[in-house]
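Encoded as structure tokens, the structure appears first; notes follow it.
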Amino acid sequence: IECNNDGEHFCTPDKNEVIQIGNVCKIAGTEEIIARNIFTLGGCSEIADADVFSFKDEAAMLQAWRNFVVEVDPDIITGYNILNFDYSYLFGRADKLKIKDFSNLGRIKNKRISFKDSTFQSKAQGIRDTKEVVMEGRVQLDMLQHIQREHKLSQYSLNSVSLNFLKEQKEDVHWTIIKDLQAGTDDSRRRIAVYCLKDCYLPLRLLEKLMCIFNYTEMARVTGVPFSYLCTRGQQIKVLSQLLRKARSCNMLIPTQTRGDRGDKFEGAVVIEPKPGFYKTPIATLDFASLYPSIMMAHNLCYCTLVPPSVAPKLDKDSFIVTPTGEKFMKAEHRKGLLPIVLEELLAARKKARAELAQTTDPFMQKVLDGRQLALKISANSVYGFTGAQAGQLPCLQISGSVTSYGRQMIDKTKAKVEEYYSSANGFDFDAEVIYGDTDSVMVNFGDMSLERIIQLGNEASQVVTAEFTKPIKLEFEKVYYPYLLMAKKRYAGLLWTKPENYDKIDMKGIESVRRDNCSLVRNTINTCLSKLLIERDVDAAVEFVKNTVAS
DNA sequence: TAGCCTACCTAA
DNA sequence: TAAGTTAGGTAGGCTA
Ligand SMILES: Nc1ccn([C@H]2C[C@H](O)[C@@H](COP(=O)(O)OP(=O)(O)OP(=O)(O)O)O2)c(=O)n1
């Protein structure tokens, strides 16, 4: 929608009328546009490819728009910042103009839509104010919210987001000139209309290009929650839903738990003390595949396999295992846990998504599919997170604590094994050294050898270590950094190689150039500096460049 | 000035 | 059923 203003202050529904409402309707998955139109207050010159409906009176326009929505009967309504701006403005105006039945927009006759303030709050997302719009039978998919949740960008204006994803900008009409355009002629109002239609079209394009409907549908099927929950709710509901679904098929019930005893946290993962430096030898990176989910699957950790201390003495000692934190869990042959089954399904879905990713060659498509694969990975990791969520419905720190304790044990063992196996004591003519590792990965310095040899050693090492662990747990050789700049825990950069022929890219973790709380001068300087350092391997040139930048 | 605290953002 | 988890670097403020 576009609204009028007094030329000085930004529009408010108390004072300023809605002057235009643009709509573009499409059948998802097809190219067919079934309607493209603009409702205008005051006359408006013709626009190619769009129907112009002009009204003398704002109330009549709003009423006609409502009728249009009901007639088109959409399943999903999208737009940019519609939840926080468009809806509250439209309902504000409808109230003010006393338009009866304006908010009867849903699919249940005579049921008004509900609209209220709400906040979404989580540790990962921070606090985010939104509006809750319940329109029966129509999902509200605000692209601003979607992109804020799924993509980390430094700016979220429609303009910069479109530039980022569609390589396209909108022609800007600054709000201060809208008043004059509206007060002008049919032609000047047409300028607003063209701008407004573009504003409608861009979110729809984003929705399609990012395959939102496809990805959300898949997630809804895998996790068993309604589509709309994926936009408005968090990770917990997805885990709970999967758990409930599995529990029912296994004839079990899930208790409703009073939430209490919060505050005390459990110990997480270890980060191996880094040996900082600029490594000019290839550094192999070994990484466990989905570490926490596979720990839960390998050891059958679940709510229903946890043995209470009082019961343990009555059980056969061979029927359960003891985790490094001292918790006891039944073995799978006695009782198979629900969480491992849920995880199997999530990991299977992720595996499928990754296979499709490997098939694509289009770089943008690869990014989209990578996002899909990542979303499934986070859902799987959230099963672990759910058990440790003290503000949640079913916290069970025994499970989450056991998972992390196994994780700590495993990375220590991996480090020890690699260093012990690849040593001169074991008949090799070099001593491998683990220079860094975080949670589920180890970075190994085998010494000054060719890239081919390192890749071969990495593959071999992953098999040697995998053989040490229980079934679904798998150590993978992922990549080589050559050269590698290790600065501190969670801060490093390197030239990434997955094949000996050519490098993939510069990979940067945790340093200023990937953080969004730095100015672009710092980011650009570091980017250039790193490319001199890692690609050209010219330390002096890098130093010189920084000196010059600082001096100027 | 060392040491502790918080805010922010990121790695995993 | 409102809200996945912990670890950790850096900058900047405050205080003993
Ligand atoms: N958002 C995240 C990311 C990770 N982890 C935990 C669980 C993971 O098992 C572990 C390792 O994380 P990775 O980023 O290495 O990812 P995975 O090992 O799960 O997957 P993969 O290595 O196959 O990409 O850290 C988590 O709890 N939440």
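Worth saying up front: this structure is predicted, and the values here are computed from it rather than measured. All chains are named by letter (A, B, ...) in the order of the sequence lines, taking the proteins before the strands, and each is independently numbered beginning at 1.
- Remark: A:Lys265 is not in phosphate contact with C:dT5, judged by side-chain N or O atoms under 4.0 Å from OP1 or OP2.
- Distances from the side chain of A:Lys123 to the nucleotides C:dA7, B:dC9, C:dT5 place C:dT5 closest.
- Between the P atom of C:dG9 and the CG atom of A:Asp438 lies a distance of 10 Å, rounded to the nearest Å.
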Determine, step by step, whether A:Ser241 and A:Thr223 satisfy the side chain to side chain donor-acceptor pair (under 3.5 Å) criterion, reporting the C-alpha distance in whole Å, the side-chain angles of both residues, the deciding distance to 0.1 Å, and the verdict.
CA-CA 7 Å; A:Ser241 156; A:Thr223 59; 5.6 Å; no

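- Judged by a 6.0 Å distance limit and a 45° cone about the ring axis, A:Lys331 is not positioned over the six-membered ring of A:Phe320.
- Contact annotation for A:Tyr492: backbone-only contact, meaning every heavy-atom pair under 4.0 Å involves sugar-phosphate atoms and none involves a base.
- Picking from C:dA3, C:dG8, B:dC8 the nucleotide with the shortest atom distance to the side chain of A:Ala391 gives C:dA3.
- The residue A:Val383 sits apart from the nucleic acid: no heavy atom pair falls under 4.0 Å.
- When heavy atoms are screened at a 4.0 angstrom cut-off, A:Lys490 is found touching base atoms of the nucleic acid.
- In this structure, the CZ atom of A:Arg523 is 17 Å from the P atom of C:dT10, given to the nearest Å.
- Figure legend: A:Arg335 and A:Phe329 shown without cation-pi pairing, the cationic atom not lying both under 6.0 angstrom from the six-membered ring centre and within 45 degrees of its axis.
- Classified by interplanar angle (parallel below 30°, tilted 30° to 60°, perpendicular above 60°), the ring pair A:Tyr292/A:Tyr384 is perpendicular.
- Checking A:Asn215 against A:Glu218 by side-chain atom types alone, no donor-acceptor pair falls below 3.5 Å.
- Checking the phosphate oxygens (OP1, OP2) of B:dA12, a side-chain nitrogen or oxygen of A:Lys509 falls inside 4.0 Å.
- Applying the 4.0 Å criterion to OP1 and OP2 of B:dT10, one finds that A:Arg516 has a side-chain N or O inside that range.
- Listed candidates were C:dA3, B:dT10, C:dT5. Nearest to the side chain of A:Tyr384 is C:dT5.
- Residue A:Phe288 is out of contact with every strand shown, counting any heavy-atom pair closer than 4.0 Å.
- Atom CD in A:Gln393 sits about 8 Å away from atom P in C:dG4, given to the nearest Å.
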Check: protein-nucleotides 2-4 of chain B nitrogen or oxygen pairs below 3.5 Å:
none

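- In this structure, A:Lys131 is not positioned above the aromatic face of A:Phe91 in the sense of NZ or CZ being under 6.0 Å from the six-membered ring centre and within 45° of the axis.
- Only the C1' atoms considered, B:dA12 is 14 Å distant from C:dG4, to the nearest whole Å.
- Among the protein residues, A:Phe120 comes within range of the sugar-phosphate backbone only, with heavy atoms under 4.0 Å from sugar or phosphate atoms but none that close to a base.
- Between A:Arg491 and C:dT10, a side-chain N or O to OP1/OP2 separation shorter than 4.0 Å is present.
- The CG atom of A:Leu397 sits 10 Å away from the C1' atom of C:dT5 (whole-angstrom rounding).
- Looking at heavy-atom distances under 4.0 Å, A:Ser122 makes contact with sugar-phosphate atoms alone, never a base.
- A cation-pi arrangement is not found for A:Arg138 relative to A:Phe227, the charged atom failing to lie both closer than 6.0 Å to the ring centre and inside a 45° cone about the ring normal.
- Rounded to whole Å, atom P of C:dA11 lies 10 Å from atom CZ of A:Arg515.
- For the pair A:Asp142 (side chain) and A:Leu83 (backbone), a donor-acceptor distance under 3.5 Å is present.
- Residue contacts shown for A:Lys238 are absent, as no nucleic acid heavy atom lies under 4.0 Å away.
- The interatomic distance linking A:Ile272 (CD1) with B:dA11 (P) rounds to 18 Å, in whole Å.
- In this structure, of C:dG4, B:dT10, C:dT6, it is C:dT6 that holds the atom nearest to the side chain of A:Phe266.
- Judged by a 6.0 Å distance limit and a 45° cone about the ring axis, A:Lys474 is not positioned over the six-membered ring of A:Phe288.
- Projected onto DNA chain C by closest heavy-atom contact, A:Ala488 and A:Thr404 fall at different nucleotides, the more 5' of which corresponds to A:Thr404.
- Residue contacts for A:Gly385: at a heavy-atom cut-off of 4.0 Å it reaches a base atom on one of the strands shown.
- Atom CG in A:Leu486 sits roughly 13 Å away from atom C1' in B:dA11 (whole-Å rounding).
- Summarising the geometry, the separation between CD on A:Gln235 and C1' on C:dT5 is reported as 11 Å, rounded to the nearest angstrom.
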